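Lettering follows sequence order; numbering is per chain, from 1. Nothing here was measured: the structure is a model prediction, and the numbers come from that model.
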Amino acid sequence: MMKYDMLTILGPTATGKTQLAARMAHRLNGEVLSADSRQIYRGMDLGTGKDLADYVVEGSRVPCHLVDIANAGEQYNVFEFQRQFILAYEDILSRGKFPVFCGGSGLYLEAVLKGYRLTQVPSDKSRRAELSQFSLEELTEILKGYKSVHNTSDTETKNRAIRAIEIEEYLRSNPDLNFEFPSLNSLIVGVQFDRDTRRERITARLKQRLKEGMIEEVRGLLDGGLNPDDLTYYGLEYKYVTLFLIGELSREEMFERLNIAIHQFAKRQMTWFRKMEKEGFVIHWLDGFMPMEEKVAFIDRLLF
RNA sequence: GGUGCCAUAGCUCAGUUGGUAGAGCAACGGACUGAAAAUCCGUGUGUCCCUAGUUCGAUUCUUGGUGGCACCA
């Protein structure tokens with residue numbers, strides 16, 4: 001009998017997580033829930049490594065949730081992700097299927113696995129009008145009075161700062177509204193390669209995706225009316241290819257800097273996973289070089 | 001072949017009027033609860049090309065090599 005409600009497969013980029021997740025879902029009569037903060041966007045495929053072929057196992061297609069659920073350029077966030085996760089999760093259970101959660105976005109993985117308490121916070125027009133009288137510096141001070149501001153993403157623009165303050169004030173005046181996110185008893189498996197291999201794989205995959213039309217994909221998004229700043233904000237592929245397309249980087253600089261940025265990203269992902277382990281999550285790591293059948297057997301032994 | 005310039009961190013280079021050296025990038029470690037592929041913090045990892053001198057002391061000055069670049073043949 002199964003000891004867990006869910007199987008989670010995580011790991012840094014370019015480790016073959018998705019194929020393994022699809023394989024396990026196929027085996028367990030399950031469906032995949034993606035934990036990827038960029039694959040949620042439609043039309044962002046090559047640059048996010050969204051490969052639909054990964055979901056085809058032995059000729060049948062494993063259903064996949066939380067991919068292609070927002071338009072490129074739209075705003076998305078952890079709260080929204082958590083909300084949509086639970087809907088998809090319950091839908092999967094109601095159909096008697098087994099959920100396999102798979103991805104590399106640490107914050108999104110943790111929001112689900114740890115059950116972050118996040119509340120729907122409505123916008124408050126009159127409060128926003130009041131706050132908009134303040135300068136960005138003053139807003140930053142107000143926000144600091146509510147919480148420790150650990151990075152600048154909340155205080156880069158007045159709109160962001162006002163929203164952050166709005167959330168803090170709402171939570172303070174409505175302390176009972178925090179809803180309990182169900183605690184999930186998930187088996188967590190991590191896939192990783194040694195550092196040198198990880199880097200080689202990232203570089204090889206980047207070259208491959210450039211050949212497959214990644215630049216054209218980004219050009220298409222720009223032609224479709226997306227603002228270069230919005231695309232740049234998505235980071236990595238979308239950032240550096242956009243900078244190349246608007247003439248700020250040569251093709252060679254784009255490749256080199258993007259390659260480095262992806263290596264650095266993979267490192268940050270590993271830092272996040274180590275933090276999760278320090279907090280008490282048990283991640284059963286397996287070597288990416290292990291043949292698929294052995295990976296499956298490894299997970300089977302843990303599941304049953 | 002001759003002349004000149006250069007050789008310092010993984011890379012590009014600075015510097016030491018002679019007291020064993022530091023920037024950028026890379027690399028490494030960390031943080032993270034409403035944009036997270038974002039954002040932010042920390043760390044110098046070194047036969048200062050080799051050799052022989054001068055000197056209390058040489059990465060620095062001198063000799064001779066080696067390698068690279070430029071110009072002249």
message: On RNA chain B, does the nearest nucleotide to K267(A) precede the nearest nucleotide to T232(A) from the 5' side, or the other way round? Give the residue.
response: K267(A)
Residue whose nearest RNA chain B nucleotide is more 5′ - Y41(A) or K114(A): K114(A)
Please state whether the phosphate of [N], meaning OP1 or OP2, lies under 4.0 angstrom from any side-chain nitrogen or oxygen of [X].
{"X": "K275(A)", "N": "A31(B)", "answer": "no"}
{"X": "R195(A)", "N": "C28(B)", "answer": "yes"}
{"X": "R199(A)", "N": "A27(B)", "answer": "yes"}
{"X": "K278(A)", "N": "A31(B)", "answer": "yes"}
{"X": "T271(A)", "N": "G30(B)", "answer": "yes"}

- prompt: Out of C40(B), A36(B), A26(B), which has the shortest distance to the side chain of R268(A)?
  reply: C40(B)
message: Of the options C28(B), A36(B), G30(B), whose atoms approach the side-chain atoms of R274(A) most closely?
response: G30(B)
From [atom1] of [X] over to [atom2] of [N], roughly how many Å is that when rounded to an integer?
{"X": "Y116(A)", "N": "A36(B)", "atom1": "OH", "atom2": "P", "result": "13 Å"}
{"X": "R257(A)", "N": "A26(B)", "atom1": "CZ", "atom2": "P", "result": "9 Å"}
{"X": "M270(A)", "N": "A31(B)", "atom1": "CE", "atom2": "P", "result": "13 Å"}
{"X": "W272(A)", "N": "C40(B)", "atom1": "CH2", "atom2": "C1'", "result": "13 Å"}
{"X": "L109(A)", "N": "C32(B)", "atom1": "CG", "atom2": "P", "result": "16 Å"}
{"X": "E253(A)", "N": "G24(B)", "atom1": "CD", "atom2": "P", "result": "20 Å"}
{"X": "E256(A)", "N": "U12(B)", "atom1": "CD", "atom2": "P", "result": "13 Å"}
{"X": "I260(A)", "N": "C11(B)", "atom1": "CD1", "atom2": "C1'", "result": "10 Å"}

Touch class at under 4.0 angstrom, heavy-atom based, for [X] against every strand present:
{"X": "E237(A)", "value": "base"}
{"X": "F81(A)", "value": "nothing"}
{"X": "T13(A)", "value": "nothing"}
{"X": "L107(A)", "value": "base"}
{"X": "K239(A)", "value": "nothing"}

Is the closest side-chain donor-acceptor distance between [X] and [Y] under 3.5 Å?
{"X": "S186(A)", "Y": "T8(A)", "answer": "yes"}
{"X": "Y146(A)", "Y": "E169(A)", "answer": "yes"}
{"X": "E248(A)", "Y": "Y240(A)", "answer": "no"}
{"X": "D194(A)", "Y": "T197(A)", "answer": "yes"}

field: Side chain R199(A), main chain H263(A), donor-acceptor under 3.5 Å
entry: no
message: Could you report the tightest heavy-atom contact between E31(A) and A25(A), atom names first, then the distance?
response: N-CB, 4.0 Å
Any strand counts, and the cut-off is 3.5 Å on both contacts for Watson-Crick or G-U wobble. Which nucleotide pairs with [N]?
{"N": "G18(B)", "answer": "none"}
{"N": "U3(B)", "answer": "A70(B)"}
{"N": "U39(B)", "answer": "A31(B)"}
{"N": "G24(B)", "answer": "C11(B)"}
{"N": "U59(B)", "answer": "none"}
{"N": "C49(B)", "answer": "G65(B)"}

Between [N] and [M], how many Å separate the two [atom1] atoms, rounded to a whole number?
{"N": "U60(B)", "M": "A7(B)", "atom1": "C1'", "result": "14 Å"}
{"N": "U17(B)", "M": "C13(B)", "atom1": "C1'", "result": "22 Å"}
{"N": "U8(B)", "M": "C50(B)", "atom1": "P", "result": "10 Å"}
{"N": "C11(B)", "M": "A73(B)", "atom1": "P", "result": "36 Å"}
{"N": "G19(B)", "M": "U59(B)", "atom1": "P", "result": "11 Å"}
{"N": "U45(B)", "M": "A9(B)", "atom1": "P", "result": "14 Å"}
{"N": "C56(B)", "M": "G18(B)", "atom1": "C1'", "result": "12 Å"}
{"N": "A21(B)", "M": "U16(B)", "atom1": "P", "result": "14 Å"}

message: Within this structure, what is the CE-CG distance for the pair M44(A) and N71(A), rounded to the nearest 0.5 Å?
response: 11.5 Å
message: Taking the basic N atoms (NZ, or NE/NH1/NH2) and the acidic carboxylate oxygens, is any pair closer than 4.0 Å for K50(A) and D45(A)?
response: yes
